[in-house]
Every structure is written in C-alpha cells, then in structure tokens.
Amino acid sequence: MLDIQLLRNDLAGVAARLATRGFALDTTRFQGLEAQRKTIQIRTQELQAARNRISKMIGQHRGAGHGPDDEEVGDLMREMQNIPDQLKEAEKQLGEIQNELQQLLEVIPNIPHSSVPIGKSEADNLEVRKVGNIPQFDFVAKDHVDLGEKLGLDFDTAAKISGARFSVLKGGLARLHRALAQFMLDTHTEQHGYTEVYVPYLVNADSMRGTGQLPKFKNDLFEIRRETFIARGVAIGPDGNEIRQSETAGLDRAQEMFLIPTAEVPVTNMVRDEIVPLEKLPMKFVAHTPCFRSEAGSYGRDTRGMIRQHQFDKVELVQMVHPDESYAALEQLLGHAETILQKLALPYRVVKLCTGDMGFSAALTYDIEVWLPAQNTYREISSCSNFEAFQARRMQARFRNAQGKPELLHTLNGSGLAVGRTLVAVLENYQQADGSVVVPEVLRPYMGGKEKLTS
RNA sequence: GGAGAGGUGGCCGAGAGGUCGAAGGCACGCCCCUGCUAAGGGCGCAUACGAGCUUAAACUUGUAUCGAGGGUUCGAAUCCCUCCCUCUCCGCCA
C-alpha cells in the first residue's frame, strides 16, 4: 500500500510513475473521495467533540451529587438531544467513505524505483549479467520430461491422484529433490547468516492482505473454507424486549484460509503488527515450504513437465531491514540466490525487470533465469524483490528507530531457489548421452555419495 | 468434542457505567543528588488519523483506539449479543 500522504501531496507525480508500469490511477475518483472524506470527517469529529464535552459535564454534575432531574443536568440533556442521531449518521457516512478509499488504495501497485527500466513486457527487461558456460552436447539434448520418465518422474500417476499440473517423484529423483532443498537451506543458514524457520502453509486473509496477494489476486490462490455455525445474536433491552442484532453477526473473515503461494507470505507476516527493536535488524529468514498456485489464466502455458505446477517446493529468503539498507540488502540477497546456482555449476543470467513486468508489491525486482538446454533458453528460477515499505505499511510492521519512534520496515524476499525448477535444470544440464544424469558434486553428500542417476 | 478461566499501553497489572488514554510497577529517555558499580529524587515516555501553523520538522488542537464487530445509553474498558484468540483440566489424536 502506498502512503496516502504521498497521494495527497503529489497525486499527479504518483499517477505518472504508476503509469510507467501500466497502471492507470483514477485521480478524479481519489480527489473526489478525499474531498468528501475531509468534509465528513470534520463534521463527525465536531459532533464527537460536542458529545464528549457535554457528557463530561453531565458526569461532573452527577459526581457532585446532582440527580438526573436537576436543572443543570436537564439543560445539558436538552443540548445533547439531537447529537446522537446526527453523529450516528455522520459516522456511517465516514465509514463508507473510508472503506471506499481503503479499497482504492489496496489495489494500487507499488511505485517502481527510479532505476527500474521503463517497459511494457518481459521483452523490455534489462539483462544485468550472464554467468556460467552453456553446456554443449554431442547428442540431441532431451528435456526433463523425457529424461525423468526413466528416472522416476511420473505425471500419469499424479494426474490420477490429483489432476493436471501435479507430479510424482520416485526413487533417486525424489531424493535429488530433497537433496536440493537441504543443500540450499544449509548454504543459506551456514554461509549467508539466515535463520531457518518452519511456518504454517495455511494462512488467514490478513496475512494474504499484508504481503499483497489480497484483495487483488484471489484467483491465483487455493482457498479453504471452514464450515462454521453462524449464530444470530439477540440482546435484551432495558424494556425487556429483544433487540435485533446485526445481520452479519458471527460472519467473520477468519473462517477462510488460504494455501500459501510462497513462503514469503507466512515468513514476512511474522512481523505483522510488531515493533521490532533496532538492534534486531536486519532480520534474515530462510524457509523451505511447498507453494500452491491455482495458475488460473495460464491454461495452455507450460503444460508439459514440471515447470508450472499447482504444487512445488521453494526455499525462500526473506529479510526485514532498515529503510536505509534495503537496496544494499537486495544486492546481497540476489548474490545469495546466485551462489546456489554457482555451486551447482548451472549457467544463468540475471535480469532486472522493467516497470511493466514487475509484481504488484515490488519496487525493484531481479529475476534469475537458469539455462534449460532442451528449451534452448533461460527460464525463471528465482525472483528477488525489494518491496520497500509497501508490504510493511499493509502489515503495520515497524521498528523503533534511533529516535525511539516507530518507523516502517523495508521487506525483501527472493527464491533461493525454486526447488522444482532447479531439479529440471539439473536434469537437463547434467544429462548424458545414455539418458543418465550426473549428480552435481555439491549434492553428493546429500545423496549418500551417489554420482549418477540411472534407470 | 466437554468443562472452566482469560484477552487492558514496549512488558506486568489495577479499574467493573461518568471528571479514564486509562492507577501502580518494570523497562526506557533527560535532569538532579550521591559517588563507586548499587541506590535515591524530579520530569518525561502509546499509536493512528484529521485540522491549524509550516518548505519541513517541531508545536498547538480535535478524534479514534482497553482482542474484533454489533447493540443498549445523554455517556461504555466497564452492561448485552456474536465471533476470534490464549491458557487450564478431561476426552480424542499424528
């Protein structure tokens, strides 16, 4: 979420910068809502002030021993007569306006950092560097589906159990998958200073809102509804009669939960509604979790193989840092993810996403793309972003600054790496003419010393 | 699943319709005293939003916030309803 002050002070400037990422900010609507908000808020607060003042005076008189029928009290009661109804109406209007403003704000994406290249699509992304040598084969390179068929990659069984976009791994391949995740976790905890965390895979709506998946991207999520009894409350009034309660009594958003699309959600939300002491910064966490994505709208794309699945594993790096440090932290985090590819000796390139290709919450994103021989191209294997205060503002995630005042944190995260896609990359880059796959050296300790996967 | 107890500021904890943004304590900050590692005294110390002033900050002022939402009332931390969460005991369970 953007700072509403920024929108008030420099609406045109914000709109111009959002336009570079293809977002049309409805400035007229914003200004209209703001004008209404201002009028109604002032009126509401005036009424509240009047109510408080008179109530307080009544209280003073009553405290001094005056009864409700005494003249002083009676005068005040008359003065109050019309205020509660007017106030109720004003508060209702104010609530509606503020909801509208909130809804408008919640779907505005982050402002791109000034260094982000302006562009419309991934074609306009900026290649930062290429690392590693692309392998040359003296045979026709197979893709991971063909290679995996003999090694224990089974889509038919997965389709029977669940459906399309799932996979079953068996034997050495399942172990290789586990080895990759463990190798990544160990590297980040032992060499890069991250604290390993185990987190829930089901989260509530507040968490999804905090990192920006809600309200805009609900369609991308798997949702779990809990069946609960909704009671209708009844209160007894002073006259002994029943008072009807709100129609929505008992309806609560906590009844819906969501499967995490990335560990970013639970891990980043650890600091939601927290004020962390300055000396705890930077906070660096790594988590290995499954990720669940509905992939609605991607029908027909990457239908072959395990590139795009409803369920995949990822080792995720998350940092909460001082605002002054966040861009330095992003470079470091990117380096941490790259280290994994380097240790696996997989060729890759780093790309800086253009304004049009960045995710909703990011101010700056680097993608790491790994070389896939069978596709003869680089494919995304990691995405590392600085969200600045965008998520922190939604989450009210703060730290106490040197002056002792709470200030919004900056949050970052990056895949380090996507395990499924790394498995694909290992299979394709380490394949042999006979269809076997050499185990990368760094993984062998995790594979019981095994050097090669064969059928 | 059954029974019970709770959710108050950074933390602990009082308050049980009015003068309560909330006693007291701890922690923290500044000052004083003392001087030797511990103690005494004073003052300050929530957050968000609005308005005024302003380049901005500071400041002044208003409002909201005692788990969340709703209701009763001239007035709710306090009474009523619903929900959420935590803890204890029993049951079940990986």
Side-chain angles (χ1 to χ4, degrees), chain A residues 1 3-10 33-70 72-88 90-92 94-95 97-99 101-102 105 200 203-207 226-257 271-280 392-408:
Chain A
M1 205 159 66
D3 185 357
I4 194 166
Q5 302 289 0
L6 192 61
L7 287 160
R8 287 181 185 137
N9 295 333
D10 185 21
L33 285 171
E34 261 294 283
Q36 283 185 65
R37 188 225 91 223
K38 201 163 177 170
T39 313
I40 296 168
Q41 182 164 354
I42 289 170
R43 172 167 169 73
T44 306
Q45 294 192 347
E46 280 169 359
L47 286 165
Q48 285 168 329
R51 178 200 61 194
N52 290 349
R53 180 177 54 82
I54 298 168
S55 287
K56 201 168 218 170
M57 280 160 56
I58 294 174
Q60 280 165 355
H61 282 118
R62 297 295 305 268
H66 290 282
D69 300 328
D70 287 8
E72 299 91 328
V73 177
D75 285 348
L76 288 166
M77 296 280 254
R78 269 188 294 283
E79 197 181 337
M80 186 72 102
Q81 212 164 38
N82 297 316
I83 292 178
D85 285 344
Q86 289 176 24
L87 182 57
K88 199 166 277 183
E91 282 177 338
K92 184 167 156 254
L94 183 61
I97 288 288
Q98 282 177 331
N99 274 342
L101 268 171
Q102 180 68 18
L105 275 175
V203 300
N204 58 35
D206 282 342
S207 293
R226 287 191 286 177
E227 207 173 295
T228 43
F229 174 71
I230 297 167
R232 180 75 37 79
V234 176
I236 306 300
D239 54 1
N241 293 322
E242 285 189 357
I243 299 156
R244 282 186 60 209
Q245 302 283 310
S246 157
E247 292 295 315
T248 57
L251 249 183
D252 200 286
R253 64 181 185 283
Q255 287 170 16
E256 57 183 357
M257 300 201 89
V271 293
R272 173 154 55 85
D273 296 321
E274 296 286 328
I275 301 174
V276 304
L278 186 58
E279 59 271 20
K280 285 245 180 94
R393 188 170 293 110
R394 291 171 159 248
M395 294 190 297
Q396 281 302 298
R398 296 170 293 178
F399 69 101
R400 210 168 278 285
N401 66 21
Q403 289 73 47
K405 289 287 164 198
E407 191 179 332
L408 293 171

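Values below: every heavy atom of this structure, side chains too, minus hydrogens, waters and symmetry copies. By convention in this document, chain letters (A, B, ...) are assigned in the order of the sequence lines, proteins followed by strands, and residues within each chain are numbered from 1.
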Just wondering, do [Y] and [X] contact through their side chains at under 4.5 Å, heavy atoms?
X: A:M1; Y: A:Q102; result: yes
X: A:E34; Y: A:I4; result: yes
X: A:R400; Y: A:L278; result: no
X: A:D273; Y: A:D206; result: no
X: A:I83; Y: A:I54; result: yes

Report summary line: Judged by nearest nucleotide, the residue sitting upstream toward the 5' end of RNA chain B, A:R400 or A:E91, is A:R400
Report summary line: Heavy-atom nearest nucleotide on RNA chain B taken for A:I42 and for A:P84; more 5' hit belongs to A:I42
Closest to the [X] side chain: [options]?
X: A:R62; options: B:G18, B:G62, B:U19; value: B:G18
X: A:M77; options: B:U47, B:C74, B:G62; value: B:C74
X: A:M80; options: B:A51, B:U47, B:C74; value: B:C74
X: A:R51; options: B:A64, B:U47, B:C74; value: B:A64
X: A:K405; options: B:U63, B:G18, B:U47; value: B:U47
X: A:I58; options: B:U19, B:G18, B:U63; value: B:G18

What interatomic distance, in whole Å, is found between [atom1] of [M] and the corresponding atom of [N]?
N: B:C20; M: B:A94; atom1: C1'; value: 50 Å
N: B:G41; M: B:A48; atom1: P; value: 33 Å
N: B:G24; M: B:U78; atom1: P; value: 22 Å
N: B:A46; M: B:A56; atom1: P; value: 25 Å
N: B:C43; M: B:C33; atom1: C1'; value: 15 Å
N: B:U63; M: B:G71; atom1: C1'; value: 22 Å
N: B:A76; M: B:G69; atom1: C1'; value: 15 Å
N: B:G10; M: B:G67; atom1: P; value: 13 Å

Please report the distance, rounded to the nearest Å, between [atom1] in [X] and [atom2] in [N].
X: A:R53; N: B:C20; atom1: CZ; atom2: C1'; value: 19 Å
X: A:Q5; N: B:A56; atom1: CD; atom2: P; value: 12 Å
X: A:N9; N: B:A56; atom1: CG; atom2: P; value: 8 Å
X: A:E46; N: B:C49; atom1: CD; atom2: C1'; value: 16 Å
X: A:H61; N: B:G18; atom1: NE2; atom2: P; value: 17 Å
X: A:N52; N: B:U65; atom1: CG; atom2: C1'; value: 13 Å
X: A:D273; N: B:U47; atom1: CG; atom2: P; value: 15 Å
X: A:D3; N: B:A48; atom1: CG; atom2: P; value: 11 Å

Determine which nucleotide pairs with [N], using a 3.5 Å limit on both distances of a Watson-Crick or G-U wobble pair.
N: B:U60; result: B:A51
N: B:C66; result: none
N: B:G10; result: B:C26
N: B:G1; result: B:C90
N: B:G18; result: B:C74
N: B:A39; result: none

With a 4.0 Å cut-off on heavy atoms, is [X] in touch with a base, just the backbone sugar-phosphate, or nothing at all?
X: A:E34; answer: nothing
X: A:P277; answer: nothing
X: A:R398; answer: sugar-phosphate

Query raised in the report: Do A:R78 and A:D75 meet the salt-bridge criterion of a basic N to acidic O distance under 4.0 Å?
Result: yes
Query raised in the report: Judged by atom type as modelled, is there a donor-acceptor pair below 3.5 Å linking the side chain of A:R37 to the main-chain atoms of A:I97?
Result: no
Requested in this report: Look at A:K56 and B:G75 and indicate whether a side-chain polar atom (N or O) is within less than 4.0 Å of OP1 or OP2.
Outcome: no
**Report entry** side-chain N/O A:K88 vs B:U72 OP1/OP2, d < 4.0 Å
**Finding:** yes
Report task. Answer with yes or no whether the side chains of A:N52 and A:S55 bring together a donor and an acceptor at under 3.5 Å. Result -> no
